[in-house]
*Asks:* 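This is the structure I have questions about; it appears just below.
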Amino acid sequence: MKLSEQVGPYYGEYGGRFVPEPLIAALDQLEATYEAMRIDPGFIAELAELHKTYTGRPSIITEAKRFAAHFGDIRVFLKREDLNHTGSHKINNVMGQALLAKKMGKKRIIAETGAGQHGVASATAAAFFGLDCVVYMGEVDTERQALNVARMQLLGAEVIPVTSGSRTLKDAINEALRDWVANVDSTHYLLGTVAGPHPFPTMVRDFHSVIGYEAREQMLELTGKLPDAVAACVGGGSNAIGIFHAFLDDEDVALWGFEAAGDGVDTPRHAATLSMGTPGVLHGAKSYMLQDADGQTMESHSISAGLDYPGVGPEHSWLKDLGRASYHGVTDAEAMSAMKLLSQTEGIIPAIETAHGLAGIEHLAKVLPAGAHILVNLSGRGDKDMETAAKYFGLMGDK
Amino acid sequence: MSSVHDTLLANRESGKGSLVGYYPAGYPTVKDSVDALVAMAQNGCDVLEIGVPYSDPVMDGLVIQVATEEARAAGFVLRDLFDVIRQVRAKVSTPLLVMSYWNPVLRYGVEKFAEDMLASGAQGMITPDLVPDEAAHWLEVSQSKGLDRVFLVAPSSSNERVTANADASQGFVYSVSTMGITGERATLDSLARQLVGRVKSLSETPTCVGVGISTAEQVREVNSYADGAIVGTAFVKAYRDEGLSGLVAKTKELAAGLG
């Protein structure tokens with residue numbers, strides 16, 4: 001079987017459904033609806049039309065020549081998901097799941113968010129489809145990302161600060177799961193990444209795979225061949241899987257995921273789940289995760305709130321073990337340096353998450369042959385990160 | 001000591017009914033949790049559930065979340081669980097089950113976890129986030145070691161799943177009273193009685209009802225149609241607010257709901 005044909009519940013030994021029994025019926029309903037819709041011409045056409053007229057698809061490819069020149073004899077191509085409505089790839093999945101929620105007759109969606117990007121995208125889709133929306137966000141993150149809280153509220157969503165556990169993304173997911181258990185009849189849980197219980201990893205991947213299928217065609221048209229490597233940042237792993245999927249069976253295309261190494265993988269402050277983690281069960285699926293000797297989830301650390309997660313989607317764990325994709329850590333400092341470089345060589349300010357993928361180019365330039373073509377998923381724009389960047393680079397001044 | 005299954009059946013036959021009490025290991029300290037569990041057994045609990053503090057307890061409400069966080073902050077580590085079991089077992093013969101989310105068990109090693117439960121004197125384990133569909137290894141290990149395994153059924157479970165989960169369970173099957181997480185509820189959901197009715201018509205396995213039970217009246221009501229009432233949050237809250245004497249009083253109060 002082709003790698004690209006693999007679907008859940010299991011990716012090798014990973015995936016599955018490690019959730020309390022009360023949620024199984026909802027997952028069964030979601031799976032059945034999705035299985036019917038993914039091959040339904042009406043649904044496919046409706047989603048494609050929404051992407052064309054609302055999301056802004058297809059997204060373009062920009063060659064980053066001045067950026068690439070810093071790394072020697074390579075060519076770098078950016079898949080511009082930052083130009084999507086709401087400013088990141090997240091909208092691809094959100095529009096798909098919101099449309100499914102409507103098909104299932106659910107009037108309310110709930111979502112978790114770390115930095116706020118998925119929360120904003122969910123609030124946007126809820127406004128567009130006329131659904132009630134509740135977003136769970138760790139209290140620490142609501143303080144770090146006050147502006148995104150305001151964006152979600154302006155869009156009509158209710159934002160609930162999560163005060164349990166470490167009060168970050170991990171706990172926001174726990175709280176969303178608790179809400180879902182109690183409101184499963186009326187509510188769809190719009191999970192924002194390729195993690196979680198089946199069918200989420202497969203479904204979210206499918207909704208994002210449009211990124212890679214577009215890019216594959218665009219690269220053939222632009223350069224007459226497939227790229228030598230495809231790169232993306234990896235937190236939960238949705239933008240990476242989205243761009244990898246179309247290339248899984250192209251053996252000559254190397255796939256590279258760049259994780260958040262925070263202060264460094266030799267310190268306890270990182271979020272490099274695939275590089276440094278071990279297999280375990282978190283948030284409903286078996287996958288690599290950061291855990292201690294007792295199986296307690298460890299806290300992750302990254303300057304990028306969107307990558308600050310101690311788990312990762314099960315398909316990435318499978319691709320890692322197969323050796324089909326390679327994963328490498330990028331520190332906060334390396335990512336911030338890449339953010340600045342792209343801004344100043346191409347006039348594109350990337351999200352800090354995305355900057356991890358861009359920082360990986362330096363590593364790829366060393367391991368790939370001269371003249372290599374590298375396709376990078378420019379998964380999000382950096383507007384949301386201006387406060388962090390201004391502080392980091394000392395741009396605030398004393399005024 | 002008698003088995004969970006036999007205890008529940010004997011209490012049902014005598015018309016008394018059963019009170020199953022949950023309390024987290026290590027809360028607020030390892031020693032305190034031993035005293036708490038012993039007191040619960042001595043004052044009316046027929047079966048004990050020892051909770052394993054875990055970083056991501058998705059089935060639990062705030063009272064239990066906060067208590068287990070405190071236990072971990074106070075230094076609870078997994079090997080302490082077996083000390084708690086051993087010390088409780090030294091003092092009382094009440095049947096005793098571990099209640100654990102799956103990852104700590106997986107990380108410890110399913111086989112080793114089972115051996116250590118057995119060696120310390122526990123009768124088996126309740127697994128809130130492990131459904132039988134994912135439990136092949138645990139089914140095999142618990143079977144070979146003669147340990148009870150308690151899975152959940154919920155109002156949302158299909159008849160096929162109720163049958164499968166009840167039949168896969170040993171000791172009893174845990175009927176989740178309502179669609180929601182642990183915590184007190186003023187009134188018991190009518191879904192609980194319907195669910196137990198389905199369990200009784202589809203399987204021979206005894207069933208206890210949990211989630212939301214906190215009064216003697218609710219204990220009495222549940223025992224009128226099920227094989228036991230499971231109480232957790234109310235006990236943890238009693239200890240939190242009034243210490244060991246509060247817990248003893250709460251146990252006596254709820255046990256008064258038995259026949």
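Each chain gets a letter, A, B and so on, in the order its sequence line appears, and its residues count up from 1.
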*Asks:* Report which part of A/Ala26 has an atom under 4.5 Å of a heavy atom belonging to chain B: side chain, backbone, both, or neither.
*Replies:*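 Contact with chain B is absent: no heavy atom of A/Ala26 under 4.5 Å.
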
*Asks:* Among the options B/Glu69, B/Arg107, B/Met59, B/Arg72, pick out the one with the most heavy-atom pairs lying under 4.5 Å from chain A.
*Replies:*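 Counting heavy-atom pairs under 4.5 Å, the top option is B/Arg107.
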
*Asks:* Parallel, tilted or perpendicular: which fits the ring planes of B/Phe82 and B/Tyr108, with parallel below 30° and perpendicular above 60°?
*Replies:*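 It falls in the tilted class, 30° to 60°.
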
*Asks:* Does B/Glu115 pair with B/Lys145 as a salt bridge, N-O distance under 4.0 Å?
*Replies:*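 Here B/Glu115 pairs with B/Lys145 in a salt bridge, since their nearest N and O are under 4.0 Å apart.
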
*Asks:* Name the option with the most non-hydrogen atom pairs under 4.5 Å to chain A; the candidates are B/Gly61, B/Ser156, B/Ser55.
*Replies:*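 Looking at each option in turn, the highest pair count goes to B/Ser55.
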
*Asks:* Non-hydrogen atoms of chain B under 4.5 Å away: do they reach the side chain of A/Gln291, the backbone, both or neither?
*Replies:*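 Answer is both: backbone and side chain atoms of A/Gln291 are under 4.5 Å from chain B.
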
*Asks:* Would you call A/Arg108-A/Asp179 a salt bridge at under 4.0 Å N-O?
*Replies:*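 Result for this pair is yes, salt bridge flagged.
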
*Asks:* Sort A/Val184 into side chain, backbone, both or neither according to what part of it lies under 4.5 angstrom from a heavy atom of chain B.
*Replies:*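 Contact with chain B involves the side chain of A/Val184 alone.
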
*Asks:* Do we get A/Lys170 above A/Tyr309's six-membered ring, with its NZ or CZ under 6.0 Å from the centre and within 45° of the axis?
*Replies:*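 Not satisfied by the 6.0 Å and 45° rule.
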
*Asks:* If I measure from the heavy atoms of chain B, does A/Thr278 come under 4.5 Å with its side chain, its backbone, both, or neither?
*Replies:*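 Contact with chain B: side chain only.
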
*Asks:* For chain A, find which of B/Asp60, B/Val58, B/Leu78 contributes the most heavy-atom pairs closer than 4.5 angstrom.
*Replies:*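 Heavy-atom pairs under 4.5 Å are most numerous for B/Val58.
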
*Asks:* Based on non-hydrogen pairs under 4.5 Å, which of A/Ser166, A/Pro9, A/Gly165 is most in contact with chain B?
*Replies:*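 Greatest number of close heavy-atom pairs with chain B: A/Gly165.
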
*Asks:* Got a sec, which residues hit side chain to side chain donor-acceptor pair (under 3.5 Å) with B/Tyr54, two or more places apart in sequence or on another chain?
*Replies:*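 Per chain and number, B/Tyr54 pairs via side chain to side chain donor-acceptor pair (under 3.5 Å) with no residue.
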
*Asks:* If you measure from the Lys or Arg side-chain nitrogens to the Asp or Glu carboxylate oxygens, is any gap between B/Lys112 and B/Asp116 under 4.0 Å?
*Replies:*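 Salt bridge flag = yes for B/Asp116 with B/Lys112.
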
*Asks:* Does any heavy atom of chain A fall under 4.5 Å from the side chain of B/Leu106, the backbone, both, or neither of them?
*Replies:*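 Contact with chain A: side chain only.
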
*Asks:* Pick one of side chain, backbone, both or neither for A/Met298, based on which atoms fall under 4.5 Å of a heavy atom in chain B.
*Replies:*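 No part of it gets close to chain B.
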
